[in-house]
Amino acid sequence: MRHHMEDCPKRTITSSVDQMMMDCDTKLRCMKISQEIYREKMAIGIIKHNYLYSIVEHEGIRDVHMYLNHEVKQYTRNTAKADCLKVYYREKEKIKLALERVSGRICLTSDILSSCTIDGYISLTAHYVDENWELQSRILNFCHIPSPHSGALLSDIVYDFLKDCGIEKKFFSLTLDNAIQEGLKVSSVALHKIRESVKYVKGSEAKRIKFGELVQKIGVISSKGLRMDVPTRWNSTYLMLQSALIYRRVFVHLTLIDPNYKSCPSDEEWDRGMRICKFLQPFYEITTLFSGSQYPTANLHLKNVWRIQVRLYEEMENEDEVLSTMASQMKGKFDKYWDSYTVVLAIAAILDPRFKFEFVEFCYKKVDGPVVATRKLELVKQELYRLFVAYEGLSGNEVQVPCNPCVQASDPNIIGDDICEFDYSKSDFSATKKLELDTYLGEARFDRIKFYNLDILDHWKKNSDRYPILSMMARDVMSIPITTVASESSFSIGSKVLNKYRSSLLPENAESLICTRTRISGYEVKEDEIDDVQLLVSLSQVPRKGKEIA
């Protein structure tokens, strides 16, 4: 081609399409761009995708941007950091303005994380129902806290957060984390062997490939891959058991062909693992339900906690001694929380038209007996009416009597009506007017099956004209989260920012990246896990030659 080009005269482009493309390319290269917008978009990209500040100095990135437009001005990582902080402060002001407009109360969740550098961080997340009756969650802070993490220090930090956001007078509730891991220790032998088996298979690529080949050979068909559990999260133990039991026959066959695999459970231990998995399933389902952050969970608390209590009673009578002991130990821990129950969560169940006061009575009597239940029910009733009276005082619905009501008549044909004052007068009979709460409690409950998927916020939104005070109360009570999932989600993002490659990141920069990321993209964290077994089954079907498998 080089020799040809030396002898061949230049040819002009005859294709109009080619000419148009060249003209557009030339225009794009010469187009004036806003350096400010360019840098802001780069800052948002860094925040959303956890890029290093130094990406703006990478030669390859600079080459791409210069190719797209020669007007681009290159800048340093320090400028990128300043741009990210600018976006953070702007988004923080938006959150403050949004919280100022909230007419109801604001609930909080909080949790503490230790990063890879052993530094402590506290996350505080606000939950509220907006003017459209939609549940909202907003991260307020992701702040470094010095040791020791005493209660007084945490209290001061949280209060400073609230003052900084101007919501210290709107604060309604605070939800903190406390995990229950009792009971699983009893079945440590069976769980240990299953855990070690999963760990063995996932220990190297060669073992995973061999296991995938066995899966295909034995004919186990499943879309679930093996999962390791986290010792501090019992629900992950359920997921580990669920996945391992699917491949029980594969593990048994693995012992026959792999002399290094020595942790295969016995048939009795596999059977026990199956019973433990069945025992934990309703707990997992309830935990998953409670973990929702896009819908109210306060009204679901009593019903499902009661289900856990009943399930523990049933399992305490199990013929399997390990399971009965496990249930007994879990119940001992559980009773501590049931006895110190939160009245407001019982009120949340009452404000669900499918349950009302009758369901609270049913649950208490079923678990505590009639004597204790009567005492608890009386307390709940007193607190329910006290809360309603408090909202009634805040509603501002009192009728204001004009100085001269006759002048205020809206109908011009009514002149000098001698009894127009009656329209604004008050009588002793008004004191006996039925409260909204009494009216609500006196109405029949919704059919629980027919309204199984009732949108509780939408229900109170539609009935806000009929129950103006009670709907305000329901709105705030339903915004109480019963788990710290939203705060923990910020830690899932935080662990991607505060990793070993960014261990020297200053706390204020970490806060700006994490808080802004959740404000821009929400709490969703994409799954990075790969379904190992299914992937390896596919790999085992691919011809492997030398290093091609890499």
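- Under 4.0 Å is where a charged nitrogen must lie from a carboxylate oxygen, and between Glu196 and Lys193 no such pair does.
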(message) I'd like to know whether Leu108 forms a side-chain contact (heavy atoms from CB on, under 4.5 Å) with Leu174, so could you lay out the CA-CA distance, the side-chain angles of the two residues, the decisive distance to 0.1 Å, and finally the verdict.
(response) CA-CA 5 Å; Leu108 305 172; Leu174 175 63; 3.8 Å; yes
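- Between Leu140 atom CG and Ile106 atom CD1 the span is 8.0 Å, to the nearest 0.5 Å.
- Between the side chain of Arg227 and the backbone N or O of Ser236 there is no donor-acceptor pair closer than 3.5 Å.
- Between Leu351 and Ile456, the shortest heavy-atom contact is O-CD1, 3.9 Å.
- Once rounded to the nearest 0.5 Å, the distance linking OG of Ser479 with NE2 of His127 reads 9.0 Å.
- Glu71 places no side-chain N or O within 3.5 Å of a backbone atom of Ile33 that could act as its donor or acceptor partner.
- Panel note: side chain Ser123, backbone Ser110; no donor-acceptor pair is recorded below 3.5 Å.
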(message) Would Leu226 and Arg208 count as a side-chain contact (heavy atoms from CB on, under 4.5 Å) here? Give the steps.
(response) CA-CA 10 Å; Leu226 291 175; Arg208 294 198 297 272; over 6 Å; no
(request) Show the numbers, then the answer: is there a side-chain contact (heavy atoms from CB on, under 4.5 Å) between Thr79 and Thr76? (result) CA-CA 5 Å; Thr79 304; Thr76 65; 3.4 Å; yes
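- At least one donor-acceptor pair closer than 3.5 Å links the side chain of Ser204 to the backbone N or O of Lys207.
- In this structure a side-chain-to-backbone donor-acceptor pair under 3.5 Å is present from Gln35 to Lys73.
- Counting only heavy atoms from C-beta outward, the side chains of Pro481 and Thr125 never approach each other to under 4.5 Å.
- Heavy-atom neighbours of Leu97 CG from other residues, nucleotides or ligands within 6.0 Å: above the threshold of 12.
- Contact record, Ala348 with Val477: CB-CG1, 3.6 Å, taken as the closest heavy-atom pair.
- By the 4.0 Å N-to-carboxylate-O rule, Asp164 lies close enough to Lys92 to be salt-bridged with it.
- Summarising the geometry of Lys461 relative to Ser464, their closest heavy-atom pair is O-OG, 2.8 Å, with the distance given to 0.1 Å.
- Using a 4.5 Å heavy-atom cutoff, the side chains of Tyr128 and Lys170 are not in contact.
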(message) Please determine whether salt bridge (charged side-chain N to carboxylate O under 4.0 Å, His left out) holds for the pair Lys210 and Glu213, giving the CA-CA distance in whole Å, both sets of side-chain angles, and the decisive distance to 0.1 Å.
(response) CA-CA 5 Å; Lys210 181 186 291 186; Glu213 292 171 343; over 6 Å; no
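- Glu168 approaches Leu162 most closely through the heavy-atom pair OE1-O, 3.4 Å.
- Rounded to the nearest 0.5 angstrom, Asp229 CG and Ser243 OG are separated by 9.5 Å.
- Between Met240 and Val198, the closest side-chain pair of non-hydrogen atoms falls below 4.5 Å.
- Expressed to the nearest 0.5 Å, how far CD1 of Ile122 lies from CG of Asn141 amounts to 9.0 Å.
- Counting only heavy atoms from C-beta outward, the side chains of Cys277 and Leu245 approach each other to under 4.5 Å.
- For the atom pair CG of Leu254 and CG of Asn260, the computed distance is 10.0 Å after rounding to the nearest 0.5 Å.
- In this structure, Glu40 pairs ionically with Arg90, as a charged nitrogen and a carboxylate oxygen lie closer than 4.0 Å.
- For Glu508, there are no side-chain hydrogen bond (donor to acceptor under 3.5 Å, both in side chains) partners at least two apart in sequence or on another chain.
- By the 4.5 Å heavy-atom criterion applied to side chains, Met478 and Val129 are not counted as neighbours.
- In this structure the side chain of Leu289 reaches within 4.5 angstrom of the side chain of Tyr295, judged on heavy atoms.
- Scanning both residues, Lys331 and Leu312, for their nearest heavy atoms gives CA-CD1, 3.8 Å.
- The closest side-chain heavy-atom distance from Asn304 to Ile308 is not below 4.5 Å.
- When every heavy atom of Cys107 is checked against every heavy atom of Asp476, the shortest pair comes out as SG-O, 4.1 Å.
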(message) Run the side-chain contact (heavy atoms from CB on, under 4.5 Å) test on Val201 and Tyr247 for me, step by step, so that the C-alpha distance in whole Å, both residues' side-chain angles and the decisive distance to 0.1 Å come before the verdict.
(response) CA-CA 11 Å; Val201 171; Tyr247 301 101; over 6 Å; no
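- Side-chain contact between Val305 and Gln309 is absent, with no heavy-atom pair separated by less than 4.5 Å.
- In this structure, a donor-acceptor pair under 3.5 Å is absent between the side chains of Tyr38 and Asn69.
- The backbone N or O of Leu85 lies less than 3.5 Å from no partner atom in the side chain of Ser512, so there is not a single donor-acceptor pair.
- How far CD1 of Ile480 is from CZ of Arg105: 11.5 Å, rounded to the nearest 0.5 Å.
- Residues His459 and Phe451 keep their aromatic ring centres 6.0 Å or farther apart.
- In summary, Glu59 and Arg62 do not engage in a salt bridge, as defined by a charged side-chain N under 4.0 Å from a carboxylate O.
- In this structure, the side chain of Asp130 engages the main chain of Asn132 through a donor-acceptor pair within 3.5 Å.
- When only modelled atom types and interatomic distance are considered, Tyr261 and Ser197 share a side-chain donor-acceptor pair under 3.5 Å.
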